[in-house]
Peer 1: 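Quick one: the structure is below, and I'll ask about it shortly.
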Amino acid sequence: MTQTQNPPVPGASFDLPGVPGQTQWFDEYEDTEDLPVTLPASTATPLLGIADFRRTDIVFNWRHKLNITTQDYVAGTETLNASAYAPYNVLGPVKLKIQNQYSAVDVENGIDIAIFNAIRPRLRSDRRGNNGANPAGDPVGATGQGYLNASTPQANLVAPAHWTDASTAYEWMFDIPGGKWFDEYYALDIAGNMLGGGGPVFVSPQYLAGTQRLIKTSIKLNPGLAATTDEGPVVANGTITTPATFAGSGTLSIRRQGVYGSNSVATLPPQQPWQYSLQTNRLPIAGVSQKVLQVPDETGQLLCLYGRMFDPLAASGIGAPIQLSEVTKIEMTYGSGLSWFDGTPDEMQLKWLEQHGFLLPQGVFAFDFAIDENDRFSNKRALNTLTTAGIQCKLYFSSPTSADAYCVLGTESLVYVT
């Protein structure tokens, strides 16, 4: 008799040692390495020259290193005002563009990349006292403290400087993920029915750079001297007998982190019909004492949500974050008015501290639906816009907001892909 050979189960031997075609990992440069970057002075400008990503292997994450080697602000007779989002808002819109598919990462400002990276770093580790812990504040502290102390045996090369408009150089490394590792993942169909799971897995519907799709990061550079402090790192105002000037330059390098392709699907991560997605949407909160922020219907399985509030008319017209102290109450509801959270900003912050151990930047509130009581990252409690209507956040302000106030709603989710 002829015995039928069953095909290998996809992912059954992923990352197991001693099996045929054993999973082989890599961390190396993409074709974009030391790409020259010229920072614009007054007009947002696309960053040209980023190469399409290689298509021969399976990539989980792209690590971008923006190395600013020269930064020169000259105040003239004006006053230089640093942004609460600096230097992260040196970047404007950032997208991970995937051919024939929506952009898996689509955010409006570099501060949003910094917030998403702080919320969900690539590897689960304690980064609370290091760069990324508080995107709106100092990475380490003033010179002479922490890793910057000359008596520390090994210098910290990751966060080398305390940024100000007087800084001559700085470096920022940020991640653009192609998918996400879950401690506990439950496979669902589009109707929300459970198909199986419960174990750790990497979630992506395709092998990204291992496909024939064209994939690359699209980046726009914000001006060094902006009209308001949400649109760039510095605003110059006051007497303009001698206008302020800015010039800056550096390089961009991109690393790829993943596994080499294999002839055996058993040693590759199994594909899922859900794409990990980081998105932002700007919503007006102008002239209101109460505001309902609706989560977009196409969000899918909502893992985390944050709101970044800003008033362009504050601080004499240069703009400033709307502080949480101006909010009296926050509600997070879903379905027919079911409450996920109903409380004050300080109670929201305590819940966040228990989950993450750090506070987010000025004017940012957030809710994490994916971290359980055992500190596991899972989709089991995600709010699914495909099966649940009315997922929304309601803000109550102590006094009406200004005529130009807005809130950037950031969503981390799994979007269904056919």
Side-chain angles (χ1 to χ4, degrees), residues 53 58-64 91 93-122 174-183 185-190 192 197 201-209 211 213-219 257-258 269-283 293-308 334 366-371 377-388 391-393 408-418:
F53 296 150
I58 293 91
V59 180
F60 303 138
N61 182 69
W62 287 277
R63 176 152 291 171
H64 296 58
L91 302 185
V94 177
K95 298 181 180 181
L96 176 62
K97 302 180 75 172
I98 303 176
Q99 184 184 24
N100 298 325
Q101 189 177 312
Y102 72 99
S103 296
V105 175
D106 189 351
V107 303
E108 75 162 56
N109 196 292
I111 186 63
D112 297 304
I113 288 293
I115 291 172
F116 277 126
N117 281 190
I119 291 173
R120 209 76 70 195
R122 187 180 77 88
F174 58 92
D175 291 329
I176 301 294
K180 202 64 182 175
W181 293 95
F182 283 76
D183 300 323
Y185 175 74
Y186 294 90
L188 304 176
D189 63 17
I190 193 171
V201 71
F202 178 77
V203 177
S204 174
Q206 66 248 318
Y207 288 143
L208 294 166
T211 72
R213 298 177 188 266
L214 295 178
I215 303 174
K216 68 185 298 183
T217 308
S218 170
I219 297 175
Q257 299 164 323
Q271 293 172 283
Q272 309 291 332
W274 297 87
Q275 173 68 60
Y276 183 69
S277 174
L278 304 177
Q279 305 283 325
T280 61
N281 291 275
R282 181 181 290 208
L283 304 174
L293 305 175
Q294 185 75 40
V295 176
D297 293 338
E298 67 274 12
T299 299
Q301 298 182 56
L302 180 63
L303 303 170
C304 185
L305 172 146
Y306 73 81
R308 176 170 62 82
Y334 62 98
F367 300 102
D368 195 333
F369 310 97
I371 298 295
F377 178 52
S378 172
N379 67 327
K380 65 184 176 184
R381 299 181 188 173
L383 297 180
N384 194 342
T385 62
L386 303 182
T387 59
T388 303
I391 300 176
Q392 58 190 24
C393 183
V408 171
L409 198 66
T411 55
E412 176 198 34
S413 67
L414 295 175
V415 180
Y416 192 79
V417 177
T418 56

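Source: prediction; values computed, not measured.
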Peer 1: Looking at Glu108, is its backbone amide N or carbonyl O close enough to the side chain of Thr280 to form a donor-acceptor pair, meaning the two atoms are under 3.5 Å apart?
Peer 2: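 Checked: pair present.
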Peer 1: What are the two closest non-hydrogen atoms of Leu188 and Pro273, and how far apart are they?
Peer 2: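 Closest heavy-atom pair between Leu188 and Pro273: O-CG, 4.4 Å.
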Peer 1: Kindly compute the distance separating CG (Leu302) from OG1 (Thr411), expressed to the nearest 0.5 Å.
Peer 2: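 Interatomic distance, Leu302 CG to Thr411 OG1, rounded to 0.5 Å: 6.5 Å.
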Peer 1: Considering all heavy atoms of both residues, which atom of Gln101 and which atom of Gln206 are nearest to each other, and what is their separation?
Peer 2: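 Taking Gln101 first and Gln206 second, the nearest heavy atoms are OE1-OE1, 3.0 Å.
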Peer 1: For the residue pair Phe60 and Gly258, what are the closest heavy atoms and their distance?
Peer 2: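 Scanning both residues completely, I find the closest heavy atoms to be CD1-CA, 3.7 Å.
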Peer 1: How many angstroms lie between atom CG of Asp189 and atom OG1 of Thr387, to the nearest 0.5 angstrom?
Peer 2: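 It is 10.0 Å, given to the nearest 0.5 Å.
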Peer 1: Residues in side-chain hydrogen bond (donor to acceptor under 3.5 Å, both in side chains) with Ser103, at least two apart?
Peer 2: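 By the side-chain hydrogen bond (donor to acceptor under 3.5 Å, both in side chains) rule, Ser103 matches no residue at all.
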Peer 1: What are the two closest non-hydrogen atoms of Thr385 and Asp297, and how far apart are they?
Peer 2: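 In terms of heavy atoms, the two residues are closest at OG1-O, 2.7 Å.
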Peer 1: Are Asn384 and Gln301 close enough that some pair of their side-chain heavy atoms sits under 4.5 Å apart?
Peer 2: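 SC-SC contact between Asn384 and Gln301 confirmed.
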Peer 1: Does any part of the side chain of Leu383, heavy atoms only, come nearer than 4.5 Å to the side chain of Phe367, both counted from C-beta?
Peer 2: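 No, too far: nothing below the 4.5 Å cut-off.
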Peer 1: Is the ring pair Phe174/His64 parallel, tilted or perpendicular, if the boundaries are 30 and 60 degrees?
Peer 2: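 Geometry flag for His64 against Phe174: parallel rings.
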Peer 1: My understanding is that only residues two or more places apart in sequence, or in another chain, count here; which of them pass side-chain hydrogen bond (donor to acceptor under 3.5 Å, both in side chains) with Lys97?
Peer 2: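 Once residues adjacent in sequence are excluded, Lys97 has no partner under the side-chain hydrogen bond (donor to acceptor under 3.5 Å, both in side chains) criterion.
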Peer 1: Taking the side chain as everything from C-beta on, heavy atoms only, tell me whether Ile176 gets closer than 4.5 Å to Lys216.
Peer 2: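 Ile176 vs Lys216: side chains apart.
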Peer 1: Quick one: side-chain hydrogen bond (donor to acceptor under 3.5 Å, both in side chains) partners of Asn61, sequence neighbours excluded?
Peer 2: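 Asn61: side-chain hydrogen bond (donor to acceptor under 3.5 Å, both in side chains) contacts with Asp175, Gln257.
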Peer 1: Evaluate the side-chain contact (heavy atoms from CB on, under 4.5 Å) criterion for residues Ile115 and Tyr306: first the C-alpha distance (whole Å), next the side-chain angles of each, then the deciding distance (0.1 Å), finally the verdict.
Peer 2: CA-CA 9 Å; Ile115 291 172; Tyr306 73 81; 3.7 Å; yes
Peer 1: Going through the distances and angles, do Ile58 and Phe202 end up as a side-chain contact (heavy atoms from CB on, under 4.5 Å)?
Peer 2: CA-CA 12 Å; Ile58 293 91; Phe202 178 77; 5.8 Å; no
Peer 1: Quick one: ring pair (Phe, Tyr, Trp, His ring centres under 6.0 Å) partners of Tyr416, sequence neighbours excluded?
Peer 2: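 Partners of Tyr416 by the ring pair (Phe, Tyr, Trp, His ring centres under 6.0 Å) criterion, ordered by chain and then number, come out as Trp274.
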Peer 1: Is it the case that atom NZ in Lys380 sees more than 12 heavy atoms from other parts of the structure closer than 6.0 Å?
Peer 2: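 Count over threshold, so yes.
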Peer 1: Excluding sequence neighbours, so at least two apart, what forms ring pair (Phe, Tyr, Trp, His ring centres under 6.0 Å) with Phe369?
Peer 2: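 By the ring pair (Phe, Tyr, Trp, His ring centres under 6.0 Å) rule, Phe369 matches Trp340.
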Peer 1: Side chain of Gln275, backbone of Gly178: donor and acceptor closer than 3.5 Å?
Peer 2: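 Such a contact is found between Gln275 side chain and Gly178 backbone.
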Peer 1: How far does CD of Gln99 sit from CD1 of Ile215, to the nearest 0.5 angstrom?
Peer 2: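 Separation between the atoms: 9.0 Å.
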Peer 1: Keeping Ser413 on the side-chain end and Thr299 on the backbone end, is there a donor-acceptor pair under 3.5 Å?
Peer 2: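 Side chain of Ser413 to backbone of Thr299: a pair is present.
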Peer 1: Run the side-chain contact (heavy atoms from CB on, under 4.5 Å) check on Asp106 and Gln279 step by step: do they pass?
Peer 2: CA-CA 5 Å; Asp106 189 351; Gln279 305 283 325; 3.3 Å; yes
Peer 1: Looking only at non-hydrogen atoms, find the nearest pair between Leu414 and Tyr185 and report the distance.
Peer 2: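 Heavy atoms of Leu414 and Tyr185 come nearest at CD1-CE1, 3.9 Å.
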Peer 1: The criterion is side-chain hydrogen bond (donor to acceptor under 3.5 Å, both in side chains); which residues satisfy it with Tyr276, sequence neighbours excluded?
Peer 2: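 Here the qualifying residues are Glu412.
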Peer 1: Do the rings of Phe182 and Phe377 sit parallel, tilted or perpendicular, given the 30° and 60° boundaries?
Peer 2: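 Parallel.
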Peer 1: Measure across Cys304 and Ile119 and return the closest heavy-atom pair with its distance rounded to 0.1 Å.
Peer 2: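 Scanning both residues completely, I find the closest heavy atoms to be SG-CG2, 4.0 Å.
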Peer 1: Atom CG in Asn281, atom CD in Gln294: separation rounded to 0.5 Å?
Peer 2: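 The CD atom of Gln294 is 11.5 Å from CG of Asn281, to the nearest 0.5 Å.
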Peer 1: Using only atom types and a distance under 3.5 Å, with no angle test, would you say the side chain of Gln392 pairs donor to acceptor with the backbone of Leu293?
Peer 2: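 Absent.
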Peer 1: In Å, rounded to the nearest 0.5 Å, how long is the span from CG of Leu96 to CD1 of Ile219?
Peer 2: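 Here the rounded value is 10.5 Å.
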Peer 1: What distance separates Thr388 OG1 from Tyr334 OH, expressed to the nearest 0.5 Å?
Peer 2: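 With rounding to 0.5 Å, OG1 (Thr388) is 8.0 Å from OH (Tyr334).
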Peer 1: Does the side chain of Pro269 come within less than 4.5 Å of Val201's, by heavy atoms?
Peer 2: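 No - every pair of side-chain heavy atoms lies 4.5 Å or more apart.
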Peer 1: Val94 and side chain to side chain contact (heavy atoms under 4.5 Å, CB included): which single residue from Ile113, Asp112, Asn109 fits?
Peer 2: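 Of Ile113, Asp112, Asn109, side chain to side chain contact (heavy atoms under 4.5 Å, CB included) with Val94 is met by Ile113 alone.
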Peer 1: Quick one: does Val59's side chain get under 4.5 Å of Phe53's, heavy atoms only?
Peer 2: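 No, their side chains stay 4.5 Å or more apart.
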